[in-house]
There are 2 protein chains.
Amino acid sequence: MSYKKYNYKKIEALSKRVFKGYGFSEEDSSIITDVLIASDMFGIESHGVQRLILYYNGIKCGRIEVNNKPVIVKETPVSVVVDGNKAMGQLVSKMAMEKAIEKAKITGIGMAVVRNSNHYGIAGYYSRMAEKEGLLGISMTNTQAVVTPTFGKQQFIGTNPISIAMPAKPIPFILDMSTSVVTRGKIEVYGKNNKPLPAGWAVGADGKNAADANEIVYLTNNSDKGGILPLGGEGELFSGHKGYGLGVAVELFTSILSGGLTSDRVRFAGNIDGVSHGFMAIDYGLFGDKTEIEKSMSVYLQKLRESAKADGHDRIYTHGEKEVEAYEDRKKNGIPINDSTIKEIKEICDYLRIDMEEYI
Amino acid sequence: MSYKKYNYKKIEALSKRVFKGYGFSEEDSSIITDVLIASDMFGIESHGVQRLILYYNGIKCGRIEVNNKPVIVKETPVSVVVDGNKAMGQLVSKMAMEKAIEKAKITGIGMAVVRNSNHYGIAGYYSRMAEKEGLLGISMTNTQAVVTPTFGKQQFIGTNPISIAMPAKPIPFILDMSTSVVTRGKIEVYGKNNKPLPAGWAVGADGKNAADANEIVYLTNNSDKGGILPLGGEGELFSGHKGYGLGVAVELFTSILSGGLTSDRVRFAGNIDGVSHGFMAIDYGLFGDKTEIEKSMSVYLQKLRESAKADGHDRIYTHGEKEVEAYEDRKKNGIPINDSTIKEIKEICDYLRIDMEEYI
């Protein structure tokens with residue numbers, strides 16, 4: 001796989017054009033594109049324009065309904081329940097987090113739970129929406145089940161990411177993590193390079209540690225057997241049961257509270273999807289002087305960065321630092337996109353009768 | 001170390017008598033004892049009556065003030081900030097979670113953050129307080145720093161546990177986990193048995209994987225060097241940065257929001273302590289029919305328990321199941337207590353002029 005760098009403004013314009021091609025409004029195309037490009041800019045290639053093909057397939061088979069709008073089904077001064085109505089996950093999620101933010105600004109806390117949505121991109125996009133408004137933001141989603149519970153051999157839990165974002169200087173705290181030990185994307189890369197998987201990443205159909213990446217890719221694409229291990233790995237020696245528990249907790253805050261489908265019933269293929277999300281915004285002014293609280297967060301993060309480095313390492317990162325640095329780099333040097341993604345985008349453009357060369 | 005089983009009612013009476021001996025009221029002695037015994041009953045020996053010596057030392061050196069009461073310093077319809085005022089952590093925490101529950105019953109959500117408290121026992125006690133009231137409960141605490149950030153060699157983060165509890169049938173979901181790969185207690189057990197530590201549990205003063213358990217026990221007791229690894233282990237290969245991020249997130253919800261001391265400044269020795277906690281109660285009736293939501297949680301947990309077992313395993317646990325089974329066992333067969341704990345309790349009883357033999 002070879003990479004070429006593209007000016008982010010050009011990729012942005014192309015992505016907007018693609019979504020307009022499906023029939024999305026100018027505004028909606030901008031929102032969806034903003035989430036996708038944010039991922040590429042943060043260096044999270046797996047959730048950027050590489051996913052255009054996933055949305056293309058979703059729209060083609062009716063899993064994503066271009067003309068549907070999310071609907072509020074229940075609302076209180078601190079909470080909202082949204083039925084995504086099979087609309088694009090990014091549009092549903094932006095609307096839900098905006099409601100949570102609106103409520104947090106009035107009552108101090110706003111929670112939104114969402115059912116019947118679609119793949120929403122990076123979890124961190126939505127927690128950062130709150131962070132940019134001077135609030136503490138939380139974002140979670142369930143996904144198609146690819147993770148196996150401790151002592152199991154059946155995929156039953158999504159990679160179920162959690163993101164928590166909090167203002168701090170000079171760099172906000174942005175945790176954005178799947179509750180599995182690795183993502184499927186990483187396993188695919190090992191497969192393409194024929195590298196054996198480290199013990200503790202995944203189990204085969206017998207529920208035992210598997211080294212063959214391509215076997216795991218096959219199993220997660222075509223069956224519910226084996227699967228990726230939860231954060232902490234196999235069994236309980238390295239506390240795999242904790243990652244498993246976090247995955248179930250995400251399920252609780254997304255599908256269970258919203259009345260949506262649990263991960264074992266979610267599919268990123270065909271026309272059944274039904275992803276659930278959970279969002280929260282907290283005005284930490286509830287607890288004290290906001291400037292003081294931000295300062296104490298900034299001081300702690302700075303102390304962590306300055307703490308003693310392990311031999312052979314010269315840097316300790318805080319969460320969000322790598323993303324902010326990637327952002328600066330991409331802005332200046334462009335977004336690296338691999339040729340197979342470009343090939344897929346070309347296919348989409350041909351289908352939509354868009355001249356890709358006009359854009360990139 | 002040899003163990004003997006003791007009737008839980010007798011241990012309970014002895015513990016109450018000990019706390020009354022320090023000058024706590026009948027009611028306060030009952031509350032503290034209830035938290036301690038709940039831990040032993042749940043099979044979490046490390047946080048049960050084994051900790052009597054920790055509290056004894058804390059009271060003797062003025063880290064814990066027997067006569068102080070926690071004070072509410074800020075309050076809104078959805079939140080409360082509590083200054084623990086160096087009172088016993090269990091008393092402070094029960095009061096704070098009760099406030100969160102009270103608020104959740106009115107507005108739907110209640111958050112409590114606490115500073116200047118002391119060691120509060122098991123996180124799960126407080127999340128279960130909400131669960132028993134038909135609410136979703138969250139409990140977190142920071143602790144003395146013993147965990148090293150990814151690529152570091154300095155203890156800077158507490159084991160910072162998170163507990164999430166949610167009603168379900170036949171067994172509630174009770175996640176109660178430190179955000180480190182293991183607790184210090186587990187490392188001590190390896191030390192006592194001269195067993196080498198698995199690679200990925202702890203690092204020595206050079207920041208590299210350490211196998212010598214006694215070295216880690218020494219470092220965590222006497223220095224800020226080396227330390228226990230975050231959930232996910234060393235470096236980023238098994239996502240140690242995720243456990244590290246979760247530890248920082250707990251710091252945010254405890255010390256940062258409450259204006260308390262961050263883990264690097266907390267000490268479980270001397271008369272400086274200043275532990276911070278965070279609690280939340282959520283009435284999930286905000287999101288739909290409570291019975292339906294509980295049912296969907298119960299169904300998902302049951303499906304997990306029934307999902308295919310890895311070869312060589314015949315059971316998949318959901319979180320809280322082991323604790324509930326331990327509870328039934330302890331109630332019937334007694335609480336196993338090791339002889340060195342009994343020796344310590346004898347020392348405390350002698351100091352307080354209590355005849356231990358009258359009780360056990």
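Hydrogens, waters and symmetry mates are skipped; everything else that's a heavy atom, side chains included, is used. Throughout, a chain's letter reflects where its sequence line sits, starting with A, and its residues are numbered from 1.
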Can you classify the ring geometry of A/Phe156 versus B/Tyr300 as parallel (below 30°), tilted (30 to 60°) or perpendicular (above 60°)?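 Because their plane-to-plane angle lies in the 30° to 60° range, the rings of A/Phe156 and B/Tyr300 count as tilted.
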Can you tell me which portion of [X] sits under 4.5 Å from chain A's heavy atoms? Options are side chain, backbone, both or neither.
X        : result
B/Leu286 : both
B/Lys74  : side chain
B/Leu261 : neither
B/Arg305 : neither
B/Lys303 : both
B/Leu301 : side chain
B/Leu175 : side chain
B/Met297 : both

Sole candidate of A/Thr148, A/Thr179, A/Thr150 that passes side chain to side chain contact (heavy atoms under 4.5 Å, CB included) when paired with A/Tyr244: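 Single pass found, and it is A/Thr150.
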Quick one: does [X]'s side chain have a donor or acceptor within less than 3.5 Å of a partner on [Y]'s backbone?
X        : Y        : value
A/Thr76  : A/Ser79  : yes
A/Glu234 : A/Gly200 : no
B/Arg115 : B/Ser258 : yes

Heavy-atom proximity to chain B below 4.5 Å, by part of [X]:
X        : answer
A/Leu257 : both
A/Ala199 : backbone
A/Ile282 : side chain
A/Leu246 : both
A/Leu136 : side chain
A/Glu251 : side chain
A/Lys290 : neither
A/Lys208 : side chain
A/Leu304 : both
A/Arg315 : backbone

Using a cut-off of under 4.5 Å on heavy-atom pairs, state which of [options] scores highest against chain A.
options                                : result
B/Glu292, B/Glu294, B/Met111           : B/Met111
B/Lys295, B/Lys186, B/His319           : B/His319
B/Asp206, B/Asp289, B/Ile157, B/Asp176 : B/Asp206

Tell me which of these, [options], has more heavy-atom pairs under 4.5 Å with chain B than the rest.
options                                : answer
A/Val80, A/Val182, A/Asp224, A/Val248  : A/Val248
A/Gly235, A/Ala310, A/Gly312           : A/Ala310
A/Thr318, A/Ile316, A/Ile293           : A/Ile316
A/Gly108, A/Gly232, A/Ala205, A/Ala249 : A/Ala249
A/Gly226, A/Gly207, A/Ser178           : A/Ser178
A/Met166, A/Lys153, A/His241           : A/Lys153

Do B/Ser276 and B/Ser255 have a side chain donor and acceptor closer than 3.5 Å?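 There is no such pair between these side chains.
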Assess the side chains of B/Asn142 and B/Asn160: does a donor N or O sit below 3.5 Å from an acceptor N or O?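 There is no such pair between these side chains.
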Just wondering, more than 12 heavy atoms not from B/Lys225 lying within 6.0 Å of its NZ?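 Not more than 12 within 6.0 Å, no.
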What heavy-atom pair brings B/Leu237 and A/Tyr190 nearest, and what distance separates the two atoms?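 That would be CD1-OH, 4.1 Å.
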Exercise: identify the closest heavy-atom pair between B/Leu197 and B/Ala202: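 What the structure gives for the nearest pair is CD1-CB, 4.1 Å.
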Are the side chains of B/Phe253 and B/Met280 in touch, meaning some heavy atoms are under 4.5 Å apart?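 The answer is no, as the side chains (C-beta and beyond) never meet within the 4.5 Å cut-off.
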Regarding B/Lys103 and B/Glu75, does a basic nitrogen lie under 4.0 Å from an acidic carboxylate oxygen?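 Yes, this pair counts.
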N-O pairing of A/Asp314 and A/Lys309 below 4.0 Å: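 Salt bridge absent between A/Asp314 and A/Lys309.
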First locate atom CZ of B/Phe173, then atom CD of B/Glu131, and finally report the distance between them rounded to the nearest 0.5 Å.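 These two atoms lie 11.5 Å from each other.
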Run the numbers on A/Glu236 and A/Lys242 for salt bridge (charged side-chain N to carboxylate O under 4.0 Å, His left out), then give the verdict. CA-CA 8 Å; A/Glu236 295 179 333; A/Lys242 295 181 184 176; over 6 Å; no
